[in-house]
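Residue numbers start at 1 and run along the sequence shown. Computed from a prediction, not measured in an experiment: that's the story for all the values here.
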Amino acid sequence: MTPPTTRTWARRGRTPVIRVRGRSQRRFSIAALACYKQGEHSRLIYRPKRHVDHKRGGRRSFTWNEYRDLLIAAHRQLGAPIVLVWDNLNVHKDARLRAFIDAQDWITCQFLPAYAPDLNPVEGIWSLLRRSSQANTAFTDPDHLIRTLRRGLRQIQYRSNIIDGCLTETGLTLTTSHQKCQ
């Protein structure tokens with residue numbers, strides 16, 4: 001992962017150059033749910049994953065089983081039904097995951113329009129993460145990267161006003177109709 005840069009400097013008349021050693025072929029993914037409930041603090045529930053075999057043809061993202069497990073964990077943690085608003089990621093539309101969602105009475109699912117990242121509050125969280133904890137950092141090893149990601153997500157997780165701001169930025173509201181995925 002090439003480190004994002006927020007600020008740098010160089011001598012007058014020189015172009016600033018940031019050197020990064022090597023290009024790691026390791027792959028990390030993070031699945032996150034921004035959870036909102038009227039009258040309560042917003043929550044961020046996330047799961048990072050390190051892909052160890054993606055170079056040998058292994059999966060390079062979360063599987064439907066891992067999303068299922070995340071939804072179950074979120075339901076247990078929240079102790080309430082979930083209205084799931086998802087983007088159109090191919091795994092989110094997987095037939096096995098949709099069958100699981102349809103079989104649960106505590107999940108209501110809606111999909112965002114195609115190509116509408118501006119309506120997804122989690123995109124705001126990724127943007128904040130890249131601009132805060134990852135900015136101006138050249139990671140020494142994969143463990144350093146994952147520690148930094150977890151620390152950054154934890155900082156966002158404990159500040160419900162930031163999560164609320166990500167929802168406000170989308171222009172979406174908390175009122176929803178109760179329908180199953182279509």
Side-chain angles (χ1 to χ4, degrees), residues 1-4 6 27-51 59-94 97-98 100-101 104 106-135 137 145-182:
M1 170 179 246
T2 305
T6 58
R27 174 99 179 184
F28 295 92
S29 295
I30 303 172
L33 298 173
C35 304
Y36 305 95
K37 188 174 182 181
Q38 289 180 339
E40 291 189 16
H41 292 292
S42 301
R43 297 185 190 184
L44 179 67
I45 300 172
Y46 63 91
R47 297 286 184 274
K49 180 180 178 183
R50 183 176 180 177
H51 304 280
R59 183 136 184 106
R60 295 178 60 162
S61 64
F62 278 82
T63 64
W64 76 271
N65 303 34
E66 292 162 331
Y67 278 108
R68 179 198 62 203
D69 295 344
L70 177 62
L71 290 172
I72 292 169
H75 177 61
R76 284 187 191 138
Q77 185 175 347
L78 298 170
I82 295 174
V83 176
L84 188 61
V85 180
W86 258 349
D87 57 13
N88 289 289
L89 187 65
N90 60 354
V91 178
H92 296 169
K93 294 197 169 221
D94 187 287
L97 185 58
R98 290 189 54 181
F100 167 76
I101 290 171
Q104 309 307 313
W106 48 267
I107 300 178
T108 303
C109 182
Q110 298 291 323
F111 285 97
L112 292 170
Y115 306 109
D118 53 320
L119 295 177
N120 189 348
V122 176
E123 295 294 336
I125 290 169
W126 300 146
S127 176
L128 288 169
L129 186 65
R130 284 189 63 82
R131 288 183 287 136
S132 61
S133 64
Q134 289 182 286
T137 305
L145 171 61
I146 202 73
R147 277 192 318 271
T148 304
L149 288 173
R150 283 181 187 268
R151 185 173 43 250
L153 284 166
R154 234 178 281 119
Q155 288 173 350
I156 294 170
Q157 191 176 34
Y158 293 130
R159 295 180 176 164
S160 62
N161 60 333
I162 291 176
I163 303 168
D164 289 339
C166 290
L167 178 66
T168 302
E169 185 180 341
T170 66
L172 299 175
T173 61
L174 293 177
T175 57
T176 58
S177 61
H178 297 285
Q179 300 174 3
K180 287 287 183 182
C181 283
Q182 301 181 9

Going by heavy atoms in the side chains, are [X] and [Y] under 4.5 Å from each other?
X      : Y      : answer
Pro121 : Ile163 : no
Trp86  : Leu112 : no
Tyr46  : Leu70  : no
Ile125 : Cys166 : yes
Asp69  : Phe62  : no
Thr108 : Ile101 : no
Glu123 : Asp118 : no
Gln134 : Leu145 : yes

Quick one: [atom1] on [X] to [atom2] on [Y], what's the gap to the nearest 0.5 Å?
X      : Y      : atom1 : atom2 : value
Glu169 : Leu119 : CD    : CG    : 10.5 Å
Arg151 : Ser132 : CZ    : OG    : 10.5 Å
Arg154 : Ser133 : CZ    : OG    : 11.0 Å
Arg130 : Leu149 : CZ    : CG    : 10.0 Å
Ile82  : Lys37  : CD1   : NZ    : 11.0 Å
Leu97  : Arg68  : CG    : CZ    : 9.0 Å

- prompt: Ring centroid separation for Phe111 and His92, is it under 6.0 angstrom?
  reply: no
Search all heavy atoms of [X] against all heavy atoms of [Y] and return the closest pair with its distance.
X      : Y      : answer
Ser29  : Ser61  : OG-CA, 3.8 Å
Leu44  : Ala32  : CD1-CB, 4.0 Å
Arg47  : Ala73  : NH2-CB, 3.1 Å
Thr170 : Leu167 : OG1-O, 2.5 Å
Ile156 : Leu129 : CD1-N, 4.2 Å

query: Should Glu66 and Lys49 count as an ion pair when the cut-off is N to O under 4.0 Å?
result: yes
- prompt: Going through the distances and angles, do Asn88 and Lys93 end up as a side-chain contact (heavy atoms from CB on, under 4.5 Å)?
  reply: CA-CA 7 Å; Asn88 289 289; Lys93 294 197 169 221; 2.8 Å; yes
- prompt: Arg43 and Gln77: side-chain contact (heavy atoms from CB on, under 4.5 Å), yes or no, with the steps?
  reply: CA-CA 10 Å; Arg43 297 185 190 184; Gln77 185 175 347; 3.8 Å; yes
- request: Report, as yes or no, whether the 6.0 Å neighbourhood of atom CZ on Arg159 holds more than 12 heavy atoms from other residues, nucleotides or ligands.
  value: no
message: Looking at Gln155, I want to see if its CD is surrounded by more than 12 non-hydrogen atoms of other residues, nucleotides or ligands under 6.0 Å.
response: yes
- request: For Leu33 and Leu84, run side-chain contact (heavy atoms from CB on, under 4.5 Å): C-alpha distance rounded to whole Å, both residues' side-chain angles, the deciding distance at 0.1 Å, then the answer.
  value: CA-CA 9 Å; Leu33 298 173; Leu84 188 61; 4.0 Å; yes
Step-by-step side-chain contact (heavy atoms from CB on, under 4.5 Å) determination, Tyr67 to Asp94: CA-CA 11 Å; Tyr67 278 108; Asp94 187 287; over 6 Å; no
- request: Assign the ring pair Phe100 / Trp106 to parallel, tilted or perpendicular, where the plane angle (0 to 90°) is split at 30° and 60°.
  value: perpendicular
